[in-house]
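Predicted model only: the values in this text are computed from it and were never measured.
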Amino acid sequence: MAIVLPESVFHAPSLGYVRQYFMENNNIIAIVDLPHNTFRPHCNAKTCLMVLKKDEHQQDTIIMATPKEMGHDHTGRLLKKPNSDVLWDDLAEVVEEIEDPDSSENKHVFTVPWKNINSEVLVPRFYREIMAEYKAPDGCFGIKLGNLVKDGIIGAWDGHGSPEAKYKGLGDVPYIRVADIVNWELYRNPTSGIPEEEYLRVFGKNGKKTKEGDIIFVRRGSYRIGTVAMASPMDSNVLLTRELLTLRIIDNENEYAITPFYLLAMISSKSVQDQIPNFVCIDTTLPNLGDRWKHLILPIHKDKEQIKRISLQVESSIKNKWLAQKQIDKLRDEYGGVTT
């Protein structure tokens, strides 16, 4: 059987029972990560193609493919390769490469040992990323963000949730959305502030207050996924939307000498940001990193003096911004009615 299914079937927690059925009762031959433009402009859903044999024992490897384009753009117009008149159709190359899926010369097709398959996610680009050899920047080694959480160095939890729409703009408590994570800071938009009572109602469901030095990480929300900010002393009473993840250094004497300011810099680094697209999966049409942020590998400098230097540089810049914001807040209080 060959079947095209929404990508959410291959990763969404609520559809885990479907993946479990596929994996327990059938032989999964191949999964192709179909380009998002495949059914556009008529349907915007991101999909994958799966080929399996029903009621057979699972083979030792699964063939996977990660083509980027398939001949047309999101409007349906023919798509050419950059600076070329050649049609950009990676699916044609997949058809050729699948004849020898283990070839090191393949650009799109590869195989994954069955023992390495995680039932939580069957999306091919996820496996391309985790199977790739991590190359740390010069002078660094890599460590998974999830391992820092597991070892008790970093704490992690979801945002509080969303207030009822009718309360937005009617109070002074900042409601921080994905769009408010910008330039390493939380933008407190006065037009979306909520009343204290609504803040307490939503906050009570997940009562972790934001603290100075917390890293706020966007894990859902289109192209902003991976964007980070640091909470300031003025951000203790804010409501964070569920799409945001809070990361907090809870072991300040950790063996790696990681500080909140160093963590902010490393998550923002090209080394980490380049990993994120392959860990982002699509919930029908909405990109979502889910819990796969735990697989992100942080570059950690071997020289702790370098870690200290970077931390101090970032700290100086961040605290200068906080000072400027306090001065602006003072002007607002003095003159009244000032919107920034």
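- Proximity of a side-chain donor or acceptor of Asn189 to a complementary backbone N or O of Thr191 within less than 3.5 Å is detected.
- Considering every non-hydrogen atom in both Ser8 and Asp283, the closest pair reads CB-CA, 4.2 Å.
- Separation of atoms OG (Ser232) and CG (Leu323) is listed at 12.0 Å; rounding is to 0.5 Å.
- Distance alone, capped at 3.5 Å, is enough to place a donor-acceptor pair between the Tyr127 side chain and the Asn118 backbone.
- A salt bridge links Glu315 with Lys319: the closest approach of a Lys/Arg side-chain nitrogen to an acidic carboxylate oxygen falls below 4.0 angstrom.
- Lys294 contributes atom NZ, which lies 11.5 Å from atom CZ of Arg292 (distance to the nearest 0.5 angstrom).
- Sorted by first then second residue, the ring-ring contact (aromatic ring centres under 6.0 Å, His included) pairs that include residues 61-117, not counting sequence neighbours, number zero.
- Salt bridge annotation for Asp158-Arg219: present, with a cationic side-chain nitrogen under 4.0 angstrom from a carboxylate oxygen.
- Side-chain contact between Met234 and Arg188 is present, with at least one heavy-atom pair separated by less than 4.5 Å.
- Taking 4.0 Å as the cut-off between side-chain N and carboxylate O, Lys326 and Asp329 do not count as a salt-bridged pair.
- Between Trp184 and Ser317, the side chains place no donor N or O within less than 3.5 Å of an acceptor N or O (distance only, hydrogens not considered).
- Between Leu263 and Ile267, the closest side-chain pair of non-hydrogen atoms falls below 4.5 Å.
- Heavy-atom neighbours of Asp60 CG from other residues, nucleotides or ligands within 6.0 Å: at or below the threshold of 12.
- Annotation: salt bridge (charged side-chain N to carboxylate O under 4.0 Å, His left out) contacts involving residues 80-89, sequence neighbours excluded, comprise Lys81-Glu93.
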Please assess Lys208 against Thr246 for the test side chain to side chain contact (heavy atoms under 4.5 Å, CB included), listing each intermediate value before the final yes or no. CA-CA 10 Å; Lys208 285 188 178 290; Thr246 296; over 6 Å; no

Please step through side chain to side chain contact (heavy atoms under 4.5 Å, CB included) for the pair Trp293 and Val149, ending with a clear verdict. CA-CA 11 Å; Trp293 58 267; Val149 174; 4.0 Å; yes

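- Inter-residue side-chain proximity for Ile297 and Lys144 is flagged as met; some heavy-atom pair is nearer than 4.5 Å.
- More than 12 heavy atoms of other residues, nucleotides or ligands lie within 6.0 Å of CD in Glu69, so this atom counts as buried by the packing criterion.
- Scored by the side-chain hydrogen bond (donor to acceptor under 3.5 Å, both in side chains) test, Lys270 finds Asp274 as partners (sequence neighbours excluded).
- With contacts defined as side-chain heavy-atom distances shorter than 4.5 Å, the pair Ile28/Gln58 qualifies.
- Ser119 OG to Tyr17 OH: the interatomic distance, rounded to the nearest 0.5 Å, is 15.0 Å.
- Note on residues 264-285: pairs passing ring-ring contact (aromatic ring centres under 6.0 Å, His included), not counting sequence neighbours, are Phe126-Phe279, Phe279-His295.
- For Lys321 (side chain) and Asn183 (main-chain N/O), a donor-acceptor pair under 3.5 Å exists by modelled atom type.
- Between Phe141 and Tyr256, the angle of the ring planes lies from 30° to 60°, which puts this pair in the tilted group.
- Between the side chain of Asn27 and the backbone N or O of Gln59 there is at least one donor-acceptor pair closer than 3.5 Å.
- In this structure, the side chains of Ile63 and Val51 stay at 4.5 Å or more apart for every pair of heavy atoms.
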Chi angles and distances behind the side chain to side chain contact (heavy atoms under 4.5 Å, CB included) call for Thr259, Ile249: CA-CA 7 Å; Thr259 69; Ile249 300 292; 6.0 Å; no

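- For residues 123-134, the salt bridge (charged side-chain N to carboxylate O under 4.0 Å, His left out) pairs, not counting sequence neighbours, are Glu7-Arg125, Asp33-Arg125.
- A donor-acceptor contact under 3.5 angstrom links the side chains of Glu243 and Thr241, judged on distance only.
- Without hydrogens or angle criteria, Asp214 side chain to Lys211 main chain gives a donor-acceptor distance under 3.5 Å.
- With Ser103 contributing its side chain and Asp100 its backbone, the two residues share no donor-acceptor pair below 3.5 Å.
- Shortest non-hydrogen contact noted between Ile282 and Pro287 is CD1-CA, 3.8 Å.
- Val272 approaches Pro299 most closely through the heavy-atom pair CG2-CD, 3.7 Å.
- Side chain of Lys46 to main chain of Leu34: a donor-acceptor pair is present (N/O by atom type, distance under 3.5 Å, no hydrogens or angles).
- Proximity of a side-chain donor or acceptor of Arg19 to a complementary backbone N or O of Val9 within less than 3.5 Å is detected.
- Closest heavy-atom contact between Ala2 and Leu49: CB-CD1, 4.2 Å.
- Counting heavy atoms from C-beta outward, Ile215 and Met230 have side chains that approach closer than 4.5 Å.
- No donor-acceptor pair under 3.5 Å is formed between the side chain of Glu198 and the backbone N or O of Tyr167.
- Under the ring-ring contact (aromatic ring centres under 6.0 Å, His included) criterion, no residue pair touches residues 19-71, with sequence neighbours excluded.
- Distance check, rounded to the nearest 0.5 Å: CZ of Arg248 to CD1 of Ile216 gives 8.5 Å.
- Heavy atoms only, all atoms of each residue included: Val94 and Pro67 are closest at CG2-CB, 4.0 Å.
- The shortest heavy-atom contact between Ile194 and Lys168 is CG2-CA, 4.1 Å.
- A side-chain N or O of Asp102 and one of Thr111 form a donor-acceptor pair less than 3.5 Å apart.
- The closest donor-acceptor contact from the side chain of Asn278 to the backbone of Gln275 lies at 3.5 Å or more, if one exists at all.
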